[in-house]
2 protein chains.
Amino acid sequence: MTKRTDRRADALSRERIVEAAIAILDAGGEGALTFRALAARLATGSGAIYWHVADKEALLAAATDHVVTRAMAGAISGVGADGAGPRQAIRVIALGMFDAIDAHPWVGAQFSRAPWQPATLRVFEAIGGRVRALGVPEGAWFNAWSALVTYIFGAAGQNAANARLQAPGTDRSAALADIAGGWARLDPADYPFLRQVAPQLAAHDDRDQFLAGIDLILAGIGTVR
Amino acid sequence: MTKRTDRRADALSRERIVEAAIAILDAGGEGALTFRALAARLATGSGAIYWHVADKEALLAAATDHVVTRAMAGAISGVGADGAGPRQAIRVIALGMFDAIDAHPWVGAQFSRAPWQPATLRVFEAIGGRVRALGVPEGAWFNAWSALVTYIFGAAGQNAANARLQAPGTDRSAALADIAGGWARLDPADYPFLRQVAPQLAAHDDRDQFLAGIDLILAGIGTVR
DNA sequence: ACCTGAACACCGTTCAAGT
DNA sequence: ACCTGAACACCGTTCAAGT
């Protein structure tokens, strides 16, 4: 029972609008997504878009939901019934989120703007279910879950910021070298720690670093008995 | 040796502009800060502001820096030479950041937009110095520090989002009751965990929750030997 | 039911002109 | 050196008018 308008391949639809929005966001970042640019890409008027989505906030929310849903499907499928424990499942889900935001930095900023979206809820549940399977006492579930999702979504926002700050052409390691260089030049009397870890900042990998944080939280959860 | 223009109490200055911006941000949120509103409050033209600050991004950065500097001064002074260990110092600094963002929610969103500001650097150093004092092996310093600051600034962004989502009049517990009510009505087959923790979500305190996450990370750091 | 595109009410930012 | 405020080039959103 397809709707009449579905016959025209180029008919406007919420789905096509969201896909076009994602393409614009991926190509030019959040600043590039305007209703005029979107209308031009879809060869229609800007007002037409408003027939399918309420406003720009809803459009960004739908685009985020789309990306997260896809990322979660990939992560969860890699964690199926293959006997991987809940600890490993949490790591895989977290990395799935990290990679999704790495590929679509604008998604990261969106979480600290409109949480409680459907896809976010599924990530919450996926983490929560594994926390429960971790074997910690029931009274510790909520805190353990909260620490993990706060870290995962919080890091997402910061990675998005890093990506946005970076000059389009340059790669991450050049940007890190710049920042580390700045740290190395700080006054040693005021900033002994940052000076000391500057070389590690320059050499570190964001993804490994993110995972190390997950592991520290998991280790902390493991101490709760 | 005061500058000539300092004689007029109402002379425009970067400092007065930043203070007015903070007042507008606190009163009406990020959406309320426009150059027109700021110019009106300072009884000047919008172009005058551009003589003192480069653009809106710089203005928001300066406002954030101002708030964080003040918060850090308060937190650090409460942690002086009174024998409190590094563990407790980390908790106090983290809570200082939490409270600052609780009072100025717009600050939270700013971190995931322009990190590496002077005040942020001081928070980084303050946490890092205490990590070093924690007694973990030197090879673990960088990961431990990174997990803590990612969590602290990440939670900041999410708290800011929560504050922004909330209807101006209502209080946090009413908003939490709403969300928890939604969780309690989810399909138990798909969302067993969220259904189960819904009552805890309704009853929890954001600040305690935040601190519990810090403690879990600290516990995880404690396992590294 | 869905699309068009001009119009409206805003923005941030610039800049000639003032003092 | 600093301030003014009109002007410019944008936005998101609306809505009468079309099909």
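Below, chain A is the first sequence line, B the second, and so on; all start at residue 1.
- A heavy-atom distance below 4.5 Å is found between the side chains of B:H52 and B:L12.
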Please list, pair by pair, any protein nitrogen or oxygen found under 3.5 Å from a nitrogen or oxygen in nucleotides 14-19 of chain C.
none

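- Of the possible donor and acceptor atoms, none in the side chain of B:Y191 sits under 3.5 Å from a partner among the backbone N and O of B:R185.
- A stem is defined here as three or more consecutive Watson-Crick or G-U pairs, each with both distances under 3.5 Å; for DNA chain C these stems are C:4-8 with D:12-16, C:12-16 with D:4-8.
- Note: B:D178 CG to B:T170 OG1 = 8.5 Å, rounded to the nearest 0.5 Å.
- Within the 3.5 Å criterion, the main-chain N or O of A:A147 finds no donor-acceptor partner in the side chain of A:T150.
- If you take CH2 of B:W51 and P of C:dT13, they are 17 Å apart, rounded to a whole angstrom.
- Atom pair A:R14:CZ and C:dC3:C1' shows a separation of 18 Å (rounding to whole Å applied).
- Dense packing is recorded around CD of A:E19, with more than 12 heavy atoms of other residues, nucleotides or ligands lying under 6.0 Å away.
- Proximity of B:D187 to B:R195: side-chain heavy atoms (C-beta onward) are nowhere separated by under 4.5 Å.
- Going from atom NZ of B:K56 over to atom P of D:dC11 covers 16 Å, rounded to whole Å.
- Going from atom CG of A:L12 over to atom P of C:dC3 covers 5 Å, rounded to whole Å.
- A straight line from CZ of A:R16 to P of C:dC2 spans 15 Å, rounded to a whole angstrom.
- Counting heavy atoms from C-beta outward, A:Q158 and B:F111 have side chains that stay 4.5 Å or more apart.
- Under the 30°/60° scheme for interplanar angles, the aromatic rings of A:F124 and A:W145 are found to stand perpendicular.
- Take the nearest nucleotide of DNA chain D for A:E57 and for B:R36: the residue whose nucleotide is more 5' is B:R36.
- For the pair B:I49 CD1 and D:dG5 P, the computed distance is 13 Å after rounding to whole Å.
- A donor-acceptor pair under 3.5 Å is absent between the side-chain atoms of A:D102 and the main chain of A:F98, judged by distance alone.
- When side chains are defined from C-beta on, B:L33 counts as touching B:L59, because their heavy atoms get closer than 4.5 Å.
- Near DNA chain C, meaning a heavy atom under 4.0 Å from it, residues 19-26 of chain B has no residue at all.
- Distance CG (B:L38) to C1' (C:dC11): 14 Å, rounded to an integer number of Å.
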List the steps, then state whether salt bridge (charged side-chain N to carboxylate O under 4.0 Å, His left out) holds for B:R172 with B:D205. CA-CA 9 Å; B:R172 175 72 176 148; B:D205 178 83; over 6 Å; no

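- Nucleic acid contact for B:L33: sugar-phosphate only, since backbone atoms but no base atoms lie under 4.0 Å from a heavy atom of the residue.
- One atom, CG of A:L42, and another, C1' of C:dC2, lie 15 Å apart when rounded to the nearest Å.
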